[in-house]
Amino acid sequence: MQKQLDTLNRNFRALCGEPLVLKQGRGKDVLFTGTGLALVELARDTLGDWLDGIHECRRRLGATLTVGTTRFTLGYLTDAAEYVAGEFERRGIELKVVHVRTRDLFGKLRAKEVDLVCGSVVAQSDRSELGDIEVMEWRRSGLTVLTNLSPRRLPGPTVGTRELPSLPLVVPASGLIDRFLRGWFGPEYRDKLDIAAEIDAVHYGLELLRSGLLRGCMLVTRGVGEAAGDGRLPGAQGLRSLELVNDGEPRLEVLVGAFTRRGERASFAPNHPLNLLWNALVEDGARRRKLG
């Protein structure tokens with residue numbers, strides 16, 4: 001290592017008039033010169049582009065497949081992966097799974113950081129905003145309100161979106177619920193609603209409501225609400241679940257499904273890993289619908 005560094009220093013002193021690093025003394029870190037810092041940045045860019053190129057080749061040839069999933073849709077991918085596990089293992093296909101947040105789904109897909117994502121997005125009925133995305137729709141639903149407010153304060157069993165400004169709300173700082181609120185009340189919705197608390201995770205919101213520290217309502221997807229009502233969501237005990245009725249405009253829905261870049265699957269052979277996994281997700285989705 002030291003010989004290589006000495007050689008680089010001599011060469012760059014001759015080429016640029018300055019070595020790459022300056023020695024600080026025994027046991028001390030070397031000090032990068034301006035030339036050294038410039039070379040480090042150049043090397044990072046070059047190696048990054050090279051690795052991106054290698055990954056793109058592996059992806060195009062079907063040697064690797066990267067799938068993103070949210071926490072609440074991981075089960076869909078897990079079940080579907082069983083259909084293709086044997087084929088992937090036989091062909092040496094590397095399946096990479098990464099956790100993505102709802103707000104990052106399409107950004108990572110469009111940036112080609114993932115080849116396919118499973119998750120929930122906000123969509124209008126015509127899906128016009130998904131023009132460059134191929135959609136496998138599993139279900140559409142609305143939102144649910146989880147609350148520790150008394151039945152006298154909030155009778156239920158439903159709550160209208162027009163009632164939200166009169167209720168103390170527990171909302172996330174960003175993500176799917178944020179998009180709903182922006183759609184209904186505009187980008188300055190925090191000035192129009194009674195935001196009792198901002199959270200960055202559903203489970204923190206549940207703990208906050210159960211603690212009794214504040215009395216209010218938390219907006220969640222209907223799937224999360226159903227899990228809370230069925231006792232499948234740890235931490236939701238004692239909270240009431242009310243359906244949120246979209247009684248205003250625009251008509252927004254939660255679209256749960258799998259997504260990939262439009263046209264990409266058609267450019268690959270039928271036995272490409274992306275097509276194999278996509279078809280497995282279709283088959284598993286059909287199985288789920290039969291089970292109800």
Side-chain angles (χ1 to χ4, degrees), residues 68-76 98-109 114 117-124 129 139-149 154 158-229 232-246 248 250-257 259:
T69 176
T70 64
R71 177 182 180 183
F72 294 106
T73 55
L74 179 59
Y76 289 92
V98 297
H99 174 224
V100 296
R101 294 186 178 276
T102 299
R103 63 176 178 265
D104 299 327
L105 282 183
F106 291 160
K108 289 186 176 294
L109 189 61
V114 293
V117 287
C118 303
S120 304
V121 298
V122 180
Q124 297 189 24
E129 73 278 23
R139 61 182 290 189
R140 280 179 177 263
S141 65
L143 299 184
T144 294
V145 173
L146 296 180
T147 185
N148 61 2
L149 293 175
L154 191 62
T158 64
V159 181
T161 54
R162 294 179 182 177
E163 296 179 64
L164 293 181
S166 66
L167 299 171
L169 300 177
V170 176
V171 300
S174 61
L176 186 142
I177 302 300
D178 175 75
R179 286 199 58 191
F180 268 97
L181 295 177
R182 286 176 181 273
W184 288 329
F185 302 103
E188 306 300 326
Y189 68 83
R190 285 177 174 80
D191 297 332
K192 302 175 183 178
L193 301 176
D194 178 9
I195 306 298
E198 280 196 351
I199 58 174
D200 60 4
V202 169
H203 289 285
Y204 181 78
L206 295 175
E207 291 178 12
L208 188 59
L209 290 176
R210 290 190 65 211
S211 73
L213 187 61
L214 64 81
R215 295 288 176 179
C217 304
M218 182 170 67
L219 305 182
V220 297
T221 62
R222 189 167 296 165
V224 173
E226 290 171 353
R232 294 181 286 110
L233 185 62
Q237 296 85 355
L239 300 179
R240 291 191 300 132
S241 179
L242 311 176
E243 180 186 355
L244 182 64
V245 178
N246 192 162
R251 298 290 179 173
L252 302 177
E253 298 175 295
V254 178
L255 192 164
V256 184
F259 311 89

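Here, residue 1 is the first one in the sequence, and each next residue gets the next number.
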**Message:** Apply side-chain contact (heavy atoms from CB on, under 4.5 Å) to residues Thr102 and Phe72 and explain how you reach the verdict.
**Reply:** CA-CA 10 Å; Thr102 299; Phe72 294 106; over 6 Å; no
**Asked** What's the shortest heavy-atom distance between Asp178 and Ala173, and which atoms?
**Response** OD1-O, 3.8 Å
**Message:** Once rounded to the nearest 0.5 Å, what's the spacing between atom CG of Leu252 and atom CZ of Arg182?
**Reply:** 13.5 Å
**Request:** May I have the step-by-step check of side-chain contact (heavy atoms from CB on, under 4.5 Å) for Arg210 and Leu239, ending in yes or no?
**Result:** CA-CA 7 Å; Arg210 290 190 65 211; Leu239 300 179; 4.2 Å; yes
**Asked** Is the closest side-chain heavy-atom distance between Leu219 and Phe180 below 4.5 Å?
**Response** no
**Prompt:** Going through the checks in order, is the side-chain contact (heavy atoms from CB on, under 4.5 Å) test met by Arg179 and Arg103?
**Reply:** CA-CA 9 Å; Arg179 286 199 58 191; Arg103 63 176 178 265; over 6 Å; no
**Message:** So for atom CZ, which belongs to Arg240, do other residues, nucleotides or ligands contribute more than 12 heavy atoms lying within a distance under 6.0 Å?
**Reply:** yes
**Prompt:** Does Arg215 use its side chain to pair, donor to acceptor, with the backbone of Asn148 at less than 3.5 Å?
**Reply:** yes
**Complete:** Smallest heavy-atom separation, Gly183 atom then Pro250 atom, equals O-CD, 3.1 Å
**Asked** Does a side-chain heavy-atom distance below 4.5 Å link Met218 with Ile199?
**Response** yes
**Message:** Would you say CZ of Arg71 has more than 12 non-hydrogen atoms from neighbouring residues, nucleotides or ligands within 6.0 angstrom?
**Reply:** no
**Request:** Provide the closest heavy-atom pair for Leu181 versus Val171 in the form atom of the first, atom of the second, distance.
**Result:** CD1-CG1, 3.8 Å
**Least distance between heavy atoms, Val145 atom then Cys217 atom** = CG1-CB, 3.5 Å
**Prompt:** Under 4.0 Å between a Lys/Arg side-chain N and an Asp/Glu carboxylate O for Arg232 and Glu226?
**Reply:** no
**Prompt:** Does Thr144 reach the side chain of Val224, with side-chain heavy atoms less than 4.5 Å apart?
**Reply:** no
**Matching residue for Val121 among Val254, Thr70, Leu176, Leu255 - test: side chain to side chain contact (heavy atoms under 4.5 Å, CB included)** = Leu255
**Fill in**
Shortest non-hydrogen pair, Leu146 vs Leu209, comes out as O-CD1, 3.7 Å
**Prompt:** Is there a donor-acceptor pair under 3.5 Å between the side chain of Asn246 and the backbone N or O of Gly248?
**Reply:** yes
**Request:** Would you confirm whether Lys192, through its side chain, and Phe185, through its main-chain N or O, come within 3.5 Å as a donor-acceptor pair?
**Result:** yes
Sequence neighbours left out, cut at 3.5 Å: what donor-acceptor pairs do the side chains of residues 159-170 make with other protein atoms?
unit_1	atom_1	unit_2	atom_2	d
Thr161	OG1	Asp247	N	3.4
Thr161	OG1	Asp247	OD1	2.6
Arg162	NE	Asp247	O	3.0
Arg162	NH2	Asp247	O	3.1
Glu163	OE2	Gly160	N	2.9
Ser166	OG	Glu163	O	2.7

**Request:** First locate atom OG of Ser120, then atom CD of Glu253, and finally report the distance between them rounded to the nearest 0.5 Å.
**Result:** 12.5 Å
**Item:** N/O donor-acceptor pair under 3.5 Å between Thr147 side chain and Gly216 backbone
**Value:** yes
**Prompt:** So does Asp200 have more than 12 non-hydrogen atoms from other groups sitting under 6.0 Å from CG?
**Reply:** no
**Request:** For residues Ala196 and Leu214, report the shortest heavy-atom separation together with the two atoms involved.
**Result:** O-CD2, 4.1 Å
**Message:** Is there a side-chain contact between Trp184 and Tyr189 in this structure, where contact means two heavy atoms from C-beta onward sitting under 4.5 Å apart?
**Reply:** no
**Prompt:** Has the side chain of Thr73 got a donor or acceptor atom that lies under 3.5 Å from a matching backbone atom of Cys118?
**Reply:** yes
**Request:** Measure the spacing between CG of Leu208 and CD of Glu198 and express it to the nearest 0.5 Å.
**Result:** 12.0 Å
